[in-house]
Amino acid sequence: MSEIILNGFITIKGKYLQTLGYIIIFPILIPSLHFLLGYSLDELTFNPFSNDSFILDAFGIMFFILGIIICFYGISNLWFKGKGLPVSSLPSHDLVNTGIYGIVRHPIYTGFITLYLGFSLYIHSFWNCVLSTPLIIIFYKTYIDNIEEPSLIKQFGNNYNIYKQTVPGLFRFPFRRKLSTILDKLLSKLSKIINGQKIHSISNHKFLFPYGLFISIGIMSGLFSLTILLSSNHYSQKHIAILLTFVTLFSFLGIRLVWIVGTVVCRHESIKKVFGKVGFVSWGALLGVILSGVLFVMLTGSSFYEWLDYMFISLVLAHFWGRIGCAFYGCCYGKETESQTSICYNNPSLKAVRENLIDTSHLFPVQFISSFNGLIIFIITFLVWLNNPLPVGFPFVLICFLYSLVRLLEEFYRYQKKIIWNLLSASQIVSILLLIVCTGHLIYYLNEPQLVLHEIVLGNLHLELINSTNIIVVSIIGVISFLLFSYHRYEIGRWSKNKEKA
């Protein structure tokens, strides 16, 4: 009897802790984190919203009240019709699909997002409206897709699947189906191109040129961006040439070393066996950036944070092209999905098929999502920094914050081993740690009155600033990268001389 009481107490205590955790994370921690991002950008960059705009006040109050009404209506529907609460540990006993739940599946999230937007308008926060609010929408959608709705499908079965197909998740908007159809057709054509790419062979040497091409374009675009930024700020052309060479070398060694160590530790393969395989981890580029940053400080006497500012805005531009290359190689692939908005792999040489025997399955287009995110981060950072003095190190922190946040969410859609609570991957753990560090830095920048400022001046950004030496250096690095990432020994996915036994 005492054992039953104890187990019941532990269950109740566990539910209370889950409820408390849910309340702390979703209505408090996540909005606060996003608000800090938007507020920091308002204070440290520019805010085009007028401080005495009656229109912003009126719309802010209207959206705020509307959000409260939607939240209240959603909670009351869930309580009276479903006999539950909007907390994962206290779910409704019955499926609620009428009332406001007949308009959207998750009206409480919809209401909270509307409330947040209204508050942002009322306090005249431009960046909370245009950046933080969309990021909150993406965060909640990721949670819904990967955690909340799978548990609802498990609870209500096919009834929820039917409900899911007929009622949108967060918002109703026109042309949604038409836009989805266009995206489906585009990804279907990309799938055909990816699977139909030709693999060139010379003796036992294999070449996957599309992968090498996009990776080399990414590397060259990043290096040209870095060269222009450094040249426009009057750094020596000789020093720039040295930095371009070493940052490429260190970054390649870093992404290779992290993959080798991770494979040996996580998959328990021998170092000798791992050295003969093709594999890279993008996080390893951080090691190369840090090492080349030490060289930058030694050569120029400038701040290490200044190097990180220039380097990271170039990295996200390279990331945009590199992730497209990942789609052509079949690596960094997504989880299986029933949606037509997906990539299908059936070429046996591509990594998605080789690793998991996936054949014509629909996979989340994570590589293209990640590529798009990299481009958006580059555009935001460039526009914020352009002709606007920023504290040294702030562009780097902004990029790290945004990249860590979107990478944390991307990984939920990616096919990757989860190592904590069967929920978080190694990349997500790194992302969370970076978010914590970046949050501390944002608070520091807001409270430090004396900061060294620097800016990207549009008038200084000319291709003429790049001399012939650096053009040659970048071109040579591009050609070597193209050949290096295209090349495979004996078969795609292998550098080793001996083909492994099945």
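- Residue pairs meeting the side chain to side chain donor-acceptor pair (under 3.5 Å) criterion with at least one member in residues 392-401, sequence neighbours excluded, do not occur.
- Counting only residues at least two apart or on different chains, the salt bridge (Lys or Arg N to Asp or Glu O under 4.0 Å) pairs with a member in residues 343-352 are K351-E355.
- Closest approach of Y163 to V96, counting heavy atoms only: OH-O, 3.9 Å.
- When all heavy atoms of I219 and S481 are compared, the closest pair comes out as CD1-OG, 3.4 Å.
- Ring pair W321/Y211: centre-to-centre distance not below 6.0 Å.
- By the ring pair (Phe, Tyr, Trp, His ring centres under 6.0 Å) test, F64 is found to be paired with no residue, residues two or more places apart in sequence or in another chain being considered.
- Residue pairs meeting the salt bridge (Lys or Arg N to Asp or Glu O under 4.0 Å) criterion with at least one member in residues 213-225: none, sequence neighbours excluded.
- Annotation: ring pair (Phe, Tyr, Trp, His ring centres under 6.0 Å) contacts of H34 (sequence neighbours excluded): none.
- In this structure, C344 and N195 approach most closely via the heavy-atom pair O-ND2, 2.7 Å.
- With hydrogens and angles left out, the side-chain atoms of S132 and W127 include no donor and acceptor closer than 3.5 Å.
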Show the atom names and distances, to 0.1 Å, of all donor-acceptor pairs under 3.5 Å that link a side chain in residues 323-330 to residues at least two apart or in another chain.
| unit_1 | atom_1 | unit_2 | atom_2 | d |
| --- | --- | --- | --- | --- |
| R323 | NE | S370 | OG | 3.2 |
| Y329 | OH | R354 | NH2 | 3.3 |

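- D94 is linked by a salt bridge (Lys or Arg N to Asp or Glu O under 4.0 Å) to K83, counting only residues two or more places apart in sequence or in another chain.
- Partners of Y116 by ring pair (Phe, Tyr, Trp, His ring centres under 6.0 Å), not counting sequence neighbours: none found.
- Sorted by first then second residue, the salt bridge (Lys or Arg N to Asp or Glu O under 4.0 Å) pairs that include residues 413-442, not counting sequence neighbours, are E411-R414.
- Proximity of a side-chain donor or acceptor of Q428 to a complementary backbone N or O of S425 within less than 3.5 Å is detected.
- Residues satisfying the salt bridge (Lys or Arg N to Asp or Glu O under 4.0 Å) test with D145, not counting sequence neighbours, are K141.
- Ring-centre distance between H319 and Y403: below the 6.0 Å cut-off.
- In this structure, the salt bridge (Lys or Arg N to Asp or Glu O under 4.0 Å) partners of E149, at least two apart in sequence or on a different chain, are R105, K164.
- Taken from CD1 in I492 to CG in L208, the straight-line distance is 5.0 Å, to the nearest 0.5 Å.
- When the ring pair (Phe, Tyr, Trp, His ring centres under 6.0 Å) test is applied to F401, no partner is found at least two apart in sequence or on another chain.
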